Each structure stands twice: as C-alpha cells, then as structure tokens.
Colleague: 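Let me begin by handing over the structure; questions about it come next.
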Amino acid sequence: MSEDIAWQVFFELHSNLPREGPGNDAVTAQALSCIPGFPEPPRILDLGCGPGMQTLALARLTAGQITAVDLYHPYLDELQRRAVAAGLDKQITVTQADMADLPFAPASFDLIWAEGSAYALGFANALQNWRSLLKHPGYLAVSEVSWTRADLPAPVVDFWRTEYPAIQSIEANLAAIEAAGYQTLAHFILPPEAWWEHYYTPLEQRLEVLERQYHNIPEAQSVFDQHRCEMETHRQYADYYGYVFYILQVED
C-alpha cells in the first residue's frame, strides 16, 4: 500500500508539466539541425515522449509523420490534447508501449528521437535495441545524462551512484555509440536554462503545493525529498554533469 501511495504522489507531482526532463524547443531545433537530411515527409519515432513538448516541436519543424511512444497513458492523453490545440494532431500518432519491446517492423523510421529516455534501458542497450528500426540512412537523436568533468566531488558521485549507476562520461558514451554501429554526427551539452525553464522550475512549484497537501504522509514526503535532493544536487554540481545530446547516423 505504501508503494502505491508513493507512485500516486509521483505521478500527481509529474502530471501536466511542460516536460518530463531537461530540454526546450531551441535544444530540439539545434539537435535536428545536425541531421543532414531525410525523405520528406520523414517517419519519426519519438520514444519516451512524455507530454510531448519535443513531439510538437518536431511536427512543426519537419512536417513529418510522428509516432509518439510512452508507457504511461496519461502522458499520451496530454500529448493528444496539446496536438489538437496546436493543430498538429494529423501528424502525430500516439502508442502505449514498452521501449524495450516495441511493436514496429524493422527499418520503419527515418529518425528515432529520444530526449532523456534511453536511461530506462541503459544507454548501450537502447542503442542496440533501437538500431534495427531505422532505415538506411537512418538517424538517432538521443540525450543522456553524462559526466562532463573527471574531477568529480564525492557527493555528486554518491547521488548518481544511487539514482543512475550507469551514468558515464561523454567519451565513454561516444565509444558505446561506435561499438553499436553508429557514426556520431554531433554532440552538445544542454544549456543551464534547459534544466529549469520547463522542468525543474514548474516541478518545484508543484512540489510546494503537494507538500502542503500531503504533509502528514511519510511515503509522500519521501518522494518529495528525492526530488528536492535531485534539484539541490544540480544547483551545487551542475558543472560536473549534464544532459548531452548525441546525434547519430546508422553505419552501413
């Protein structure tokens, strides 16, 4: 029962946020600009789409046909509402599916987009699992939290050892990309505002409301403490890690 309460509070905390991870439309556009070209209109697979801020940006920027996938159906419902409001619903199809077991035929897509979602499989596993879904030439744009320095303070190492033990340096991720059969076309670190404007700031505002609502429920407080710890870690140690966008092409 306590686990059910924690999940309920978690999803209430994350419902109807602009995004479910760092990023913004400028970052999406920058990553897209690194791709030399694809057939028009491209077939795009957006994996771990969440409420779909980047899905809508891709629809506007490419006029592509986009399949948006997430395991949590309320995110897909929210994306559909936003797509209708933006007049982009005819370009976007939503699918509830596990990213590790996708219901698509090989060579179905010109571009796979994965903003902050590869961690669910592990970066190297995601690269391997998704490769067969791409046409030739095909592209993968994926953002992954990565170490950006080598001189890591113990507190930030301890935090990520608990939250995401698979975090690696940019160099290690580039090596994993090559081993998985991709060429790296470009990579860049997301700017500081990409963490706060559409993610941490709205999340922090929601936290303040829900903490008052659930102030006497320990399971809820544990969820809130986790999120506050994450944000405080970023405030103190943002120079040592960041989300990195890797733009890749399948090698023949």
Side-chain angles (χ1 to χ4, degrees), residues 1-24 47-54 69-79 81-82 94 96-101 114-123 125-126 143-148 152-168 190 192-243:
M1 181 63 70
S2 62
E3 185 175 338
D4 291 342
I5 293 172
W7 277 112
Q8 174 189 327
V9 170
F10 178 90
F11 284 117
E12 190 171 351
L13 179 60
H14 283 264
S15 65
N16 299 318
L17 294 177
R19 297 182 61 91
E20 279 303 308
N24 57 33
L47 291 174
C49 63
M53 187 175 184
Q54 75 290 334
V69 172
D70 206 284
L71 192 57
Y72 187 54
H73 209 282
Y75 289 154
L76 300 176
D77 292 339
E78 179 60 25
L79 170 54
R81 287 192 290 271
R82 294 178 184 184
V94 301
Q96 185 178 20
D98 187 333
M99 290 188 296
D101 186 23
E115 289 200 29
S117 60
Y119 78 93
L121 279 67
F123 188 66
N125 286 337
S143 66
E144 170 77 349
V145 66
S146 310
W147 296 125
T148 56
L152 300 171
V156 74
V157 172
D158 291 343
F159 172 81
W160 283 106
R161 187 178 289 140
T162 300
E163 292 299 313
Y164 184 41
I167 184 173
Q168 298 191 107
L190 272 63
E193 62 270 19
W195 287 79
W196 290 98
E197 181 182 9
H198 299 297
Y199 185 48
Y200 276 164
T201 296
L203 185 63
E204 197 166 37
Q205 292 167 348
R206 181 75 54 79
L207 263 174
E208 292 172 359
V209 173
L210 293 182
E211 280 177 327
R212 292 192 293 271
Q213 182 178 336
Y214 291 98
H215 70 279
N216 60 343
I217 300 177
E219 296 87 351
Q221 192 58 54
S222 177
V223 173
F224 302 147
D225 289 346
Q226 254 185 322
H227 284 75
R228 287 209 176 277
C229 179
E230 178 183 333
M231 288 185 282
E232 188 56 33
T233 298
H234 190 71
R235 282 191 177 97
Q236 292 187 43
Y237 299 107
D239 287 346
Y240 296 91
Y241 68 93
Y243 261 92

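What you see below is based on every heavy atom in this structure, not just the backbone, and it leaves out hydrogens, waters and symmetry mates. None of these values were measured; they are calculated from a predicted model.
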Colleague: Quick one: does S146's side chain get under 4.5 Å of Q168's, heavy atoms only?
Modeller: no
Colleague: Would you compute the distance between atom CD of E163 and atom CG of D158 and round it to the nearest 0.5 angstrom?
Modeller: 12.0 Å
Colleague: What pair of heavy atoms forms the shortest contact from G23 to E115, and how long is it?
Modeller: CA-OE1, 4.5 Å
Colleague: Could you tell me if the side chain of Q8 sits less than 4.5 Å from the side chain of Y214, heavy atoms only?
Modeller: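 Yes. Closest side-chain heavy atoms under 4.5 Å.
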Colleague: Can you tell if the side chain of I167 reaches within under 4.5 Å of the side chain of R161, non-hydrogen atoms only?
Modeller: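 Result no, sub-4.5 Å side-chain heavy-atom pair not found.
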Colleague: Would M99 and S117 count as a side-chain contact (heavy atoms from CB on, under 4.5 Å) here? Give the steps.
Modeller: CA-CA 9 Å; M99 290 188 296; S117 60; 3.9 Å; yes
Colleague: Keeping to residues at least two apart or across chains, list the side chain to side chain donor-acceptor pair (under 3.5 Å) pairs with something in residues 192-201.
Modeller: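 Applying side chain to side chain donor-acceptor pair (under 3.5 Å) to every pair that reaches into residues 192-201, excluding sequence neighbours, yields Y200-E230.
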Colleague: Between S15 and E12, is there a donor-acceptor pair closer than 3.5 Å when you use the side chain of the first and the backbone of the second?
Modeller: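 Flag set: sc S15 to bb E12 pair under 3.5 Å.
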Colleague: Verify the distance criterion only: is there a donor paired with an acceptor across the side chains of Q96 and Y72 at less than 3.5 Å?
Modeller: no
Colleague: For P51 and P18, which heavy atoms make the closest approach, and how far apart are they?
Modeller: CG-O, 3.8 Å
Colleague: Of the non-hydrogen atoms in P165 and T162, which two are nearest, and what is the gap between them?
Modeller: CD-O, 4.3 Å
Colleague: Give a yes or no on whether a salt bridge exists between R19 and E78, defined as a side-chain N under 4.0 angstrom from a carboxylate O.
Modeller: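 Here R19 does not pair with E78 in a salt bridge, since their nearest N and O are not under 4.0 Å apart.
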Colleague: Whether R228 and D225 form a salt bridge (side-chain N of Lys/Arg under 4.0 Å from carboxylate O of Asp/Glu) is what I want to check.
Modeller: no
Colleague: Nearest 0.5 Å, what's the CD-CG distance between Q221 and L210?
Modeller: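 Answer for the CD-CG pair, Q221 versus L210, is 11.0 Å.
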Colleague: Run through F159, Y164, W160 and flag the one making a ring-ring contact (aromatic ring centres under 6.0 Å, His included) with Y241.
Modeller: W160
Colleague: Taking side chain to side chain contact (heavy atoms under 4.5 Å, CB included) as the definition, give me every residue that meets it alongside D239, ordered by chain and number, with sequence neighbours left out.
Modeller: R149
Colleague: Do Y75 and E20 meet the criterion of a side-chain donor-acceptor pair at a distance under 3.5 Å?
Modeller: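 Y75 vs E20: donor-acceptor pair found between side chains.
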Colleague: Nearest 0.5 angstrom please: L47 CG to D98 CG, how far?
Modeller: 10.5 Å
Colleague: Do E208 and R212 sit within salt-bridge range, that is, some charged N less than 4.0 Å from a carboxylate O?
Modeller: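 So E208 does not pair with R212 through a salt bridge.
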Colleague: Hey, does D70 have a side-chain heavy atom less than 4.5 Å from the side chain of C49?
Modeller: yes
Colleague: Can you name the residues that form a side chain to side chain contact (heavy atoms under 4.5 Å, CB included) with F10, not counting sequence neighbours?
Modeller: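 Partners of F10 under the side chain to side chain contact (heavy atoms under 4.5 Å, CB included) test: W7, H14, V223, H227.
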Colleague: Search all heavy atoms of G116 against all heavy atoms of Y243 and return the closest pair with its distance.
Modeller: CA-CE2, 3.7 Å
Colleague: Would you check if the distance from the ring center of Y240 to the ring center of W147 is below 6.0 Å?
Modeller: no
Colleague: Just so I know, are the side chains of N16 and R81 near enough to count as touching, which here means a heavy-atom distance under 4.5 Å?
Modeller: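 Yes - at least one pair of side-chain heavy atoms lies under 4.5 Å apart.
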Colleague: Specify the closest pair of heavy atoms between L13 and R206, including all atoms of both residues, with the distance to one decimal.
Modeller: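 Shortest heavy-atom separation between L13 and R206 comes out as O-NH1, 3.2 Å.
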